[in-house]
2 protein chains.
Amino acid sequence: MTIGGRGLHGHVLDTLGPSITAGEYPPGSVLRTDELAQRFEVSRSVMREAVRVLESMHLVESRRRVGVTVRPKDEWNVYDPQVIRWRLAGADRPQQLRSLTVLRSAIEPVAAGLAARHATSEQCAALTDCALGMIATSRGHQLEGYLLHDVAFHRIILTASGNEMFARLGDVVAEVLSGRTHHDVMFEDPDPAAVTLHVRLAEAVRARDAGAAEDLTREITVGALHELDILAP
Amino acid sequence: MTIGGRGLHGHVLDTLGPSITAGEYPPGSVLRTDELAQRFEVSRSVMREAVRVLESMHLVESRRRVGVTVRPKDEWNVYDPQVIRWRLAGADRPQQLRSLTVLRSAIEPVAAGLAARHATSEQCAALTDCALGMIATSRGHQLEGYLLHDVAFHRIILTASGNEMFARLGDVVAEVLSGRTHHDVMFEDPDPAAVTLHVRLAEAVRARDAGAAEDLTREITVGALHELDILAP
DNA sequence: GTCTTGAAAAAGTCCTACCTTATGGGTTTC
DNA sequence: GAAACCCATAAGGTAGGACTTTTTCAAGAC
């Protein structure tokens with residue numbers, strides 16, 4: 001996932017970031033840069049760079065005479081891909097997965113509706129390819145291949161929406177889907193109903209039927225909500 | 001908005017960040033830390049901190065022997081509040097406003113539906129207060145007061161949804177609404193229809209009518225889309 | 001007893017100086 | 001023409017000292 005090794009300060013972040021997002025340091029905890037520098041065996045300058053990054057993520061606040069204090073969770077930049085990855089990798093994973101899935105259920109239907117209006121013919125073709133790939137890999141424990149096409153499918157929808165902010169959620173969706181296959185239980189072949197929905201969605205987009213695209217995507221995301229027992233009665 | 005003065009590196013960011021998000025340096029442009037340090041009259045250490053932050057926002061990439069290269073726009077962390085503010089303050093403002101408004105139109109209806117299920121009685125009361133405040137300030141050029149209640153109203157909806165990621169969009173919505181009042185043209189009193197929708201939405205949430213809350217919010221956001229001539233036929 | 005004042009301590013902030021390391025690109029070699 | 005080799009370059013990292021802000025707390029004033 002993360003390259004991780006973009007400099008020494010990156011290494012520090014890879015350890016310190018997850019610790020904070022995992023709630024290892026309760027809000028208000030105070031860290032001192034020199035102490036951290038010693039602990040991670042880096043110079044103060046490197047430590048300061050790491051703190052600056054954490055600060056820009058609103059995970060911590062650095063104040064004179066006080067130190068580096070950990071901020072309460074509701075002030076974090078929860079849309080930062082790095083923060084999302086850290087949370088998905090740690091104890092906070094279940095909640096992060098739930099909130100992301102709810103986010104998907106809000107975004108993706110609208111994105112699909114827009115995609116039906118704005119998708120290029122190349123994007124329509126690619127979408128169909130992915131759907132066909134999903135069919136081909138939906139049986140016989142080809143989970144990896146299925147995941148690949150599933151991720152690509154949703155990425156195309158988000159990109160084709162023409163909204164830059166939707167497009168940037170592609171990585172997040174990829175992370176969620178891949179987590180479902182790898183991290184969580186998914187022994188059996190994917191639900192045939194889900195495959196069908198994707199195929200019909202590809203058709204709807206190609207047919208420029210925004211309403212159908214939106215509804216079909218809503219069905220897909222409702223399925224995802226149910227997988228996590230998030231009730232939507 | 002931004003405090004801006006959290007250290008020298010913050011000052012550098014306040015200048016350099018907007019320059020980049022405004023597209024002043026085309027993607028692939030190369031900057032050198034030493035040169036930047038001279039230009040901003042700061043030490044290399046401070047400059048490196050600033051670069052680290054820009055790097056964590058995926059605005060630039062720093063590589064040895066090459067320099068600090070500006071990344072293409074579609075790799076930026078467009079959900080970073082800082083980046084959003086920079087873009088709203090610069091030449092990119094129109095597009096940023098459009099994509100944010102589309103984002104709102106996806107998120108807020110779902111958030112309102114959830115709020116109708118999860119809002120506490122305090123939140124319901126606060127919502128009603130805001131709606132009443134909006135009525136009271138909807139006539140006689142009390143735009144500032146109206147804005148205050150409007151922002152508070154949407155913040156409560158997003159928070160009451162119970163989804164941390166929705167909640168964190170409160171600042172963004174505030175920025176958009178305040179921009180509409182201040183930056184853009186808004187001479188006249190707000191649309192009475194909008195006020196009515198907010199009042200009915202507060203009632204729907206209080207009545208735990210998720211469907212109505214979602215529909216009403218959809219009407220509100222459709223209005224916002226129309227203000228920006230974003231067609232949704 | 002409460003309030004003001006001011007000194008001291010703590011921790012971040014910034015700077016300077018110097019050294020290390022990776023790497024892109026040019027040059028040589030086969 | 002491809003592969004090996006060099007080297008100038010710009011970032012990466014270290015060390016430490018001087019400065020600033022903010023908190024704390026104690027002494028003195030009212």
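Throughout, a chain's letter reflects where its sequence line sits, starting with A, and its residues are numbered from 1.
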TODO: Check side chain to side chain contact (heavy atoms under 4.5 Å, CB included) between B:R48 and all other residues, then give those that pass, not counting sequence neighbours.
DONE: A:E49, B:R44, B:R52
Task: Within residues 52-67 of chain B: residues closer than 4.0 Å to DNA chain C (heavy atoms) - done: B:R63, B:R64, B:R65, B:V66
- [ ] Tell me, please, which residues at least two apart from A:R155 pass salt bridge (charged side-chain N to carboxylate O under 4.0 Å, His left out).
- [x] A:D171
Task: Within residues 102-114 of chain A or reaching into it, pairs that qualify as side chain to side chain donor-acceptor pair (under 3.5 Å) - sequence neighbours excluded - done: A:R104-A:E108, A:E108-A:H154
- [ ] At the 4.0 Å heavy-atom cut-off to chain A, mark where contacts on DNA chain C begin and end, going 5' to 3'.
- [x] C:dA9 to C:dC14
Open item on the list: If you take any heavy atom closer than 4.0 Å to DNA chain C, which residues from residues 30-40 of chain B end up in contact?
Closed with: none
TODO: Answer yes or no: is there a donor N or O on one side and an acceptor on the other, between the side chain of A:W76 and the main chain of A:M57, under 3.5 Å?
DONE: no
Task: salt_bridge(A:R87, A:E175) N-O dist < 4.0 Å - done: no
TODO: Look only at the side chain of B:Y146 and the backbone of B:P190, and say whether a donor-acceptor pair between them is shorter than 3.5 Å.
DONE: no
TODO: Taking side-chain hydrogen bond (donor to acceptor under 3.5 Å, both in side chains) as the test, write out the residues that go with B:E227, two or more places apart.
DONE: B:R180
Open item on the list: Restricting to salt bridge (charged side-chain N to carboxylate O under 4.0 Å, His left out), what partner residues turn up for B:E61, sequence neighbours left out?
Closed with: none
Task: Length of the line joining A:R6:CZ and D:dG13:P, which is rounded to integer Å - done: 11 Å
Open item on the list: Using the side chain to side chain contact (heavy atoms under 4.5 Å, CB included) criterion, which residues pair with B:N77? Sequence neighbours excluded.
Closed with: A:D80, A:P81, A:R168, B:H58, B:D80
Provide a list of protein-nucleic acid N or O atom pairs under 3.5 angstrom, restricted to nucleotides 14-16 of chain D.
residue : atom : partner : partner atom : Å
D:dT14  : OP2  : A:S43   : N            : 3.1
D:dT14  : OP2  : A:S43   : OG           : 2.9
D:dG16  : N7   : A:R44   : NH2          : 3.1

TODO: Please identify each residue that fulfils side chain to side chain contact (heavy atoms under 4.5 Å, CB included) with B:R93, with sequence neighbours left out.
DONE: B:L88, B:L97, B:H183, B:D184
- [ ] Applying salt bridge (charged side-chain N to carboxylate O under 4.0 Å, His left out), name anything that partners B:E24, two or more places apart in sequence or on another chain.
- [x] none
- [ ] Look at the side chain of B:H149 and the backbone N and O of B:G145, then say whether any donor-acceptor pair between them is shorter than 3.5 Å.
- [x] yes
